[in-house]
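Notes for the one structure printed next.
Within every chain, numbering begins at 1; the chains are lettered A, B, ... in the order of the sequence lines, protein sequences first and strands thereafter.
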Amino acid sequence: MNNTRIRRFTAVQRLFHLLLMASFLAQGATGLARMYIETPWGQYIAWVFGGYEYCLTIHIYVGIFMLAGFLVHFFYLLAKIDWKGFPGSLMGRDSVLLQPRDAKEAYEHVLWLIGIRGWPRFDRWGYWEKFDYWAVFWGMVIMGVTGLLLAFSVSSSRIIPGWGLNVAFWVHRIEAILAMGHVFIIHFFIGHLRRHNFPMDKAMFEGSVDIDSVRHERPAWYERLEKNDDLKGAITTEAGRGRRAVFYAVGYLAMFTGLFLLIGGILNSAAITW
Amino acid sequence: MKGRWWFHKVVLSMMAAVLLVAPGTAYSQEEVSSAIRRYRDMEVSTGYYERYEVLPQRRRPLVGLPGLRRDQFPYSPSGAQVRLRSRLADSHYGVKFYNVQKCETCHPAQSDDLHTVRANLTCRQCHGGEPIASIEHYYSPMNPIRRHAYVCAKCHEGASASFASYVIHPPNPADVKALEEFPALFYVFWAMAAIAVGTFLVFLPHTFLWGIRELLARKKETSSESHE
């Protein structure tokens with residue numbers, strides 16, 4: 001037990017992530033089960049959830065749960081905004097809003113990728129992390145709205161014309177494919193498999209990151225903490241062995257579920273009626 | 001006495017176990033509207049049935065003529081002109097071999113919608129028995145002025161005319177033909193597809209490069225994670 005880690009996520013934020021993760025996988029599985037019901041693979045997933053119809057029931061309830069979570073998260077955001085320094089605080093360094101700085105860092109990061117330049121001086125959130133956050137944010141709005149329209153089709157056709165459901169259906173489908181592709185390929189790769197994070201970046205489960213990795217990977221954040229004398233308050237100890245084992249188990253369970261859905265979905269995509 | 005009680009306990013707990021494990025009773029004679037909906041609550045299964053498991057089925061058995069694609073059955077030498085039939089009371093009046101064909105043989109484009117493919121509805125559950133009136137025939141149940149009440153509301157309780165404007169047999173949204181038939185679907189489809197493809201075009205190579213780059217660059221030692 002040594003003080004080697006910096007606090008990065010609060011317990012509430014981790015809870016949000018955990019719930020999002022679980023419900024996202026449930027939505028992916030039940031949605032794909034219905035989409036692929038013509039194939040044995042889809043029928044297998046549907047069987048897990050009790051069949052074609054229960055998949056839809058679960059899909060709708062979990063979807064409503066996600067939307068409720070999203071609403072709570074929205075109010076959480078409002079509560080978290082530093083209202084005193086209002087518009088300026090949104091552009092602060094701890095803010096996840098995309099800022100001009102991110103374009104510059106993205107550019108530098110690309111130069112690093114091709115080996116021209118050193119590692120950029122990232123602050124607390126990298127541009128790809130901000131992108132992930134906002135992708136989920138708007139994805140939630142899009143999937144939620146189209147999902148509600150489709151789930152309550154008779155009522156929603158009072159607000160929109162019925163042919164809007166055809167449109168909503170395709171928006172829902174493409175956005176789902178985009179979201180799953182992004183999470184199961186890109187998010188998982190960056191969180192688990194790239195060498196510096198392998199076997200797993202536990203930040204989102206443990207809530208803290210290793211102090212030396214911060215110094216190397218997010219130098220601007222580290223120096224800012226140091227300069228403002230915040231470092232002491234942010235330092236914490238590593239989680240015990242048992243808890244770490246749980247983090248790995250949860251993380252890998254999610255990753256394998258995602259890969260199962262991704263690979264099966266790609267392999268079977270030619271066998272279904274779109 | 002004591003021995004008896006012990007015996008009762010065993011029997012009671014076995015009965016409880018049977019009650020927990022055994023499936024519920026099944027009632028035959030239930031109204032069957034589709035193969036999927038037949039046994040839904042009664043069985044532990046995928047809830048989805050193959051054509052050999054349930055009869056009758058809309059799908060054709062797996063026999064085909066070599067060299068003949070199934071959607072090219074030449075039902076009429078002038079397929080384009082027959083659209084003029086769109087106001088007949090019996091849209092198949094005079095169509096040859098109608099009696100011996102399945103709907104999907106002659107109407108392949110109408111046979112891959114969600115109601116047919118996923119919900120396993122038969123064509124007749126919407127289009128009705130003989131004669132099948134043309135869509136726009138004045139007294140057709142499919143006529144848009146009464147479609148919601150005569151067709152959709154059979155299954156979608158409370159369906160309104162707006163609801164019935166849902167396009168049951170939508171064109172392929174990616175196809176240029178959809179631009180004419182259903183422009184909103186076409187544009188939205190391609191806008192969404194562009195967003196999705198754009199995201200992947202940026203982030204897939206990005207992630208890939210990142211993976212390779214880190215393979216080359218060793219991570220610097222860290223104090224807490226090095227011992228794992």
Side-chain angles (χ1 to χ4, degrees), chain A residues 2 4-5 34-35 37-38 42-44 46-47 50-55 109-110 112-115 119 128 131 135 153-155 157-158 160-167 169-171 173-175 177-178 181-182 185-186 189-190 193-197 210-213 216 238 244 272-274, chain B residues 36-37 40-41 43-48 112-114 116-118 148 152 156-167 170 172-174 182 184-185 188-189 192-193 195-197 199-200 203-204 206-226 228:
Chain A
N2 34 7
T4 53
R5 296 179 75 87
R34 286 176 65 85
M35 183 167 161
I37 194 69
E38 293 157 273
Q43 291 172 16
Y44 169 70
W47 170 79
Y52 185 73
E53 294 211 317
Y54 282 117
C55 277
H109 190 225
V110 169
W112 172 81
L113 286 179
I114 51 183
W119 181 256
W128 69 94
F131 179 85
S153 49
V154 173
S155 313
S157 63
R158 289 190 207 179
I160 60 162
W163 54 260
L165 297 173
N166 291 76
V167 179
F169 173 78
W170 272 100
V171 172
R173 178 178 263 182
I174 299 178
E175 178 72 24
I177 293 172
L178 170 61
H182 191 83
I185 304 174
I186 295 160
F189 186 86
I190 292 185
L193 295 181
R194 70 187 168 94
R195 189 176 178 201
H196 294 187
N197 273 347
D210 183 88
I211 202 163
D212 293 323
S213 349
H216 302 143
E238 189 175 18
R244 283 211 309 272
I272 60 167
T273 311
W274 280 80
Chain B
I36 289 184
R37 260 138 258 277
R40 53 177 178 186
D41 295 337
E43 241 187 36
V44 182
S45 85
T46 62
Y48 190 79
D112 57 3
D113 57 298
L114 292 179
T116 309
V117 175
R118 298 282 157 72
H148 57 289
C152 312
H156 300 279
E157 194 183 341
S160 60
S162 159
F163 178 78
S165 76
Y166 171 81
V167 182
N172 176 356
F182 200 160
L185 190 64
V188 171
F189 174 88
M192 290 303 296
I195 293 175
V197 171
T199 308
F200 287 130
F203 277 98
L204 280 182
H206 175 270
T207 308
F208 183 71
L209 268 181
W210 195 341
I212 297 205
R213 184 72 172 79
E214 287 201 357
L215 275 184
L216 304 176
R218 224 181 113 72
K219 184 181 183 178
K220 298 191 187 115
E221 279 290 297
T222 56
S223 44
S224 84
E225 277 165 345
S226 53
E228 287 189 31

Drop me the distance from N172(B)'s CG to W274(A)'s CH2, to the nearest 0.5 angstrom. 11.0 Å

Could you measure the distance from the CZ atom of R158(A) to the CZ atom of F163(B)? Nearest 0.5 Å is fine. 12.0 Å

Return the CE to CZ distance between M192(B) and R173(A), rounded to the nearest 0.5 Å. 13.0 Å

Which heavy atom in F182(B) sits nearest to a heavy atom in W163(A), and how many Å separate them? CZ-O, 3.6 Å

Looking at CZ of R194(A) and CD1 of I212(B), how far apart are the two atoms once the value is rounded to the nearest 0.5 Å? 14.5 Å

Approximate separation, where rounding is to 0.5 Å, of I114(A) CD1 and L209(B) CG: 8.0 Å

Minimum heavy-atom distance T199(B)-H182(A), with the two atoms named: CG2-ND1, 4.1 Å

Check: L178(A) and I195(B) side chains under 4.5 Å, non-hydrogen atoms: yes

Using modelled atom types and a 3.5 Å cut-off, is there a donor and acceptor pairing between side-chain atoms of S162(B) and backbone atoms of S157(A)? yes

Donor-acceptor pair, R213(B) side chain versus W112(A) backbone, under 3.5 Å? yes

For S165(B) against G162(A), the heavy-atom pair lying closest together: OG-N, 3.1 Å

Determine whether E157(B) and V154(A) satisfy the following criterion, side-chain contact (heavy atoms from CB on, under 4.5 Å), listing intermediate values before the conclusion. CA-CA 8 Å; E157(B) 194 183 341; V154(A) 173; over 6 Å; no

If you round to the nearest 0.5 Å, how far is CD1 of I186(A) from CZ of F208(B)? 13.0 Å

Is V188(B) close to chain A through its backbone or its side chain, or both, or neither, when contacts mean heavy atoms under 4.5 Å? side chain

Looking at every heavy atom in both I177(A) and F200(B), which two are closest together, and how far apart are they? O-CZ, 4.2 Å

Minimum heavy-atom distance between R118(B) and I37(A), given as atom pair plus value: CD-CG2, 3.7 Å

Closest contact, heavy atoms only, A196(B) versus I174(A): CB-CG2, 4.1 Å

Which bit of H148(B) is near chain A, if near means a heavy-atom gap under 4.5 Å: side chain, backbone, both or neither? neither

Looking at V167(A), V110(A), T273(A), N166(A), which makes the most heavy-atom pairs under 4.5 Å with chain B? N166(A)

Report which part of I160(A) has an atom under 4.5 Å of a heavy atom belonging to chain B: side chain, backbone, both, or neither. backbone

